[in-house]
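Worksheet: one structure, shown below.
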Amino acid sequence: YVVWAFMFGMACADLTARTGSLGAALAFHAVNNAFAFLLVAGEGGPNSGLALFLYPLETIDPNTGVYEVDFLPPDAGAWFFVATLIMQLLPVWMSWMAARIALRR
C-alpha cells in the first residue's frame, strides 16, 4: 500500500505543479476512485454491486484465527506480489500520462 500511495501522491503532485492548481489532481483522484468502484471490487464487499470484476476476499478461519487467501496460487512467491503491484500501478500510470498529454495542449 505504501508504494502505491507514494506513486499516486507523486503523480498528483506533478499534476498540481504543472497546472498551478489542485483541479487536475482532484480530477485524477476522482478517476482513480471511479476505477476502484466500477471496475474491480472484493466479493461481498460494500461496493461489490457496482464492480465489473469481483475477486475473493481474504477470510479468517474461525477455528485457528489464521487468514486464508483463496486467490493466491499455492506456490506464490515474490513474483506474484510484484506482478500485483504492477497491475495496480498500471492504471495510475495510464491515467497520469493521459492527464499530462491533455494538459500539454
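By the criterion of side-chain heavy atoms lying less than 4.5 angstrom apart, applied directly or through intervening Ile, Leu, Val, Met, Phe, Trp or Tyr residues, W96 is not grouped with M87; the two fall into different hydrophobic clusters. The hydrophobic cluster containing L90 also contains F6, counting ILVMFWY residues as joined when their side-chain heavy atoms lie under 4.5 angstrom apart, directly or transitively. Connection of M97 to W4 is established within a shared hydrophobic cluster, with ILVMFWY side chains joined at heavy-atom distances below 4.5 Å, either directly or through further cluster members. L103 and M10 fall within a single hydrophobic cluster, where Ile, Leu, Val, Met, Phe, Trp and Tyr are joined by side-chain heavy atoms under 4.5 Å apart, directly or via other members. Linking Ile, Leu, Val, Met, Phe, Trp and Tyr residues whenever their side-chain heavy atoms come within less than 4.5 Å places L89 and M94 in a single cluster.
Annotation for L15 and A25: closest pair CB-N, 4.4 Å, computed over non-hydrogen atoms.
Atoms CE and CH2, on M7 and W93 in that order, are 11.5 Å from each other to the nearest 0.5 Å. Distance check: L52 CG to L39 CG gives 6.0 Å after rounding to the nearest 0.5 Å. Here the CZ-CZ distance, from F8 to F28, works out to 5.0 Å after rounding to the nearest 0.5 Å.
For F37, the CZ atom sits in a loose shell: 12 or fewer heavy atoms of surrounding residues, nucleotides or ligands are nearer than 6.0 Å.
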